[in-house]
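Small disclaimer: the values here were computed from a predicted structure and weren't measured. Along the sequence shown, residues are numbered consecutively beginning with 1.
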Amino acid sequence: MGLVLVLLLVASIALLVAATSILKLHPFISLIFASLLLGLGSAAFGIIDIMTVESSIREGFGTILSHIGIVIVLGSIIGVFLEKSGGAIRIADTVIRILGPKHPELAMSIIGWLVSIPVFCDSGFIILNAMRKSLTRKTHARAAGMSIALASGLYASHTLVPPTPGPVAAAGNLGLQNSLGSVVLFGIFISLIPMLGGFFWARFIGRRVETREDLINAEFFRSGLNKEREVTSLYGTLPSAFLSFCPIVIPIFLIALGTIVTIPSVQSSLGVVSGVLLFLGNPFTALLIGFLFALALAPGLNEEVLMKWIGSGIKIAGPIILITGAGGAFGAIIKSTPIAYYLGTSMSRWHLGIFLPFLLAAALKTAQGSTTTTMVTASALMAPLLDSLGLGTPVGTLLTVMSIGAGAMTVSHANDSYFWVVAEFTGMDIKSAYKSHTTATAIQGGLSFLTVLFLSVVL
């Protein structure tokens, strides 16, 4: 029976990968069919009752969304407000002003890391590309280096720091929906390592890759022109730096504060106040407060803002919520079978430990391209294996989320929309994009996992 279960699981994952990468079927439908294959296959061999298949899918879908559905929507709406108000541009300008023009690649990395906490990395790159091009020209930097610095900075926080959907979904699937503050703290610390790795790689590869943008800039310098269209002209008057940072910083601060309050000694010393802080530190409450600050970024609370901007965020969140729910359904089917026992027993003998979630996520990411789908699927597969792999402790579960995030970085190539965003907006050919961007994501994934491995040893 154990071999049958393993073969059914392999077949369901193969179906998921083939459906998304070869047939280009939407991940939501792919995950549902993968769940049915595993469930009905198990029922056919008498492993589970066929009547539990449908109920497990429904309950798994609903349970995961009851914890993180609203969080995903609010995070998406905040991202839209930062984009449409020009708040993301103000954040970029502030960081550049602090770091100065002598370190443009580092500025790009930090900007990307900050902006991608609530904003998807591909849309973040598009939002900030005009600013990147302007800074590239002003500092006489190389376009490939600046683009990879920005892309890798965005990528680092996108896969490791909530409230972006990937780490939120992974945390929910692994039972950490009430401990997102801890996920945020771990994610911030670990994501700084791949951010710096991306920065150093950008400095290195920027001198070795020439793009169409470099040729255009060279002609610009030769022509003696000294006027550029200001990025801010696209937005009118930009919001202040304080208001621009608030929708990002305040939710993270509140969630982190809520996590600190859960420490028994802190909770007992604060008394009634601890209850208030725990409420404010709940991800739902914290992001709702972040949304209220995001409203202040808008030029006015008119129909354009209250309907269209918010509606755009909801539209962005819709597919993510469906994919996340379908991942929860897949996880519920896995949990309904004894596969965890057989896989856990087998893999524990291999002594893979924290390496297993990284390896699984890296294989899924490379095969089908979507970071969010990878994290949803890998976390659903890992959930029933935590205890047997020795990762069932709170710290072990946190590190599993981070290991999955590290794997979900590895690697971005031609089946990933982000690959094409970076390549096309920079003017890279495919060979240059593989040499610079794909290699950067491989380096970032490896550095992230090594950091997780180090923490697993010392903690």
Can you confirm whether more than 12 heavy atoms, excluding those of Phe293, are under 6.0 Å from its CZ atom?
no
Aromatic ring pairing Tyr155/His437, orientation class (parallel under 30°, perpendicular over 60°, tilted between):
tilted
Applying side chain to side chain contact (heavy atoms under 4.5 Å, CB included), can you list everything that pairs with Ser109, at least two apart in sequence or on another chain?
Ala149, Met195, Phe199
Chi angles and distances behind the side-chain contact (heavy atoms from CB on, under 4.5 Å) call for Leu287, Phe291:
CA-CA 6 Å; Leu287 278 168; Phe291 163 71; over 6 Å; no
Run the ring-ring contact (aromatic ring centres under 6.0 Å, His included) test against Phe419 and tell me which residues pass, sequence neighbours left out.
Tyr434
Interatomic distance, Ser370 atom OG to His26 atom NE2 [nearest 0.5 angstrom]:
9.0 Å
Around atom CZ of Phe200, are there more than 12 heavy atoms of other residues, nucleotides or ligands at under 6.0 Å?
no
Strictly by modelled atom types, are Trp201 and Thr439 linked by a side-chain donor-acceptor pair under 3.5 Å?
no
State yes or no: are the ring centers of Tyr418 and His158 separated by less than 6.0 Å?
no
Using atom types as modelled and distance alone, determine if a side-chain donor or acceptor of Ser191 lies under 3.5 Å from a backbone N or O of Ser157.
no
Show, in sequence, the C-alpha distance, side-chain angles and deciding distance for Leu399 and Leu391, and conclude whether the side-chain contact (heavy atoms from CB on, under 4.5 Å) test is met.
CA-CA 8 Å; Leu399 292 176; Leu391 301 172; 6.0 Å; no
Around atom CG of Leu7, are there more than 12 heavy atoms of other residues, nucleotides or ligands at under 6.0 Å?
yes
Determine, step by step, whether Ser85 and Trp309 satisfy the side-chain contact (heavy atoms from CB on, under 4.5 Å) criterion, reporting the C-alpha distance in whole Å, the side-chain angles of both residues, the deciding distance to 0.1 Å, and the verdict.
CA-CA 10 Å; Ser85 67; Trp309 287 22; 4.1 Å; yes
Closest heavy-atom pair and its distance - Leu254, Ala286:
CB-CB, 4.0 Å
Lys365-Thr371 side chain donor-acceptor pair, cut-off 3.5 Å:
yes
Passes side-chain contact (heavy atoms from CB on, under 4.5 Å), Ile404 versus Thr374? Steps please.
CA-CA 8 Å; Ile404 290 171; Thr374 292; 5.6 Å; no
Within the 3.5 Å criterion, strictly below it, is a donor on His413 or Thr366 matched to an acceptor on the partner's side chain?
no
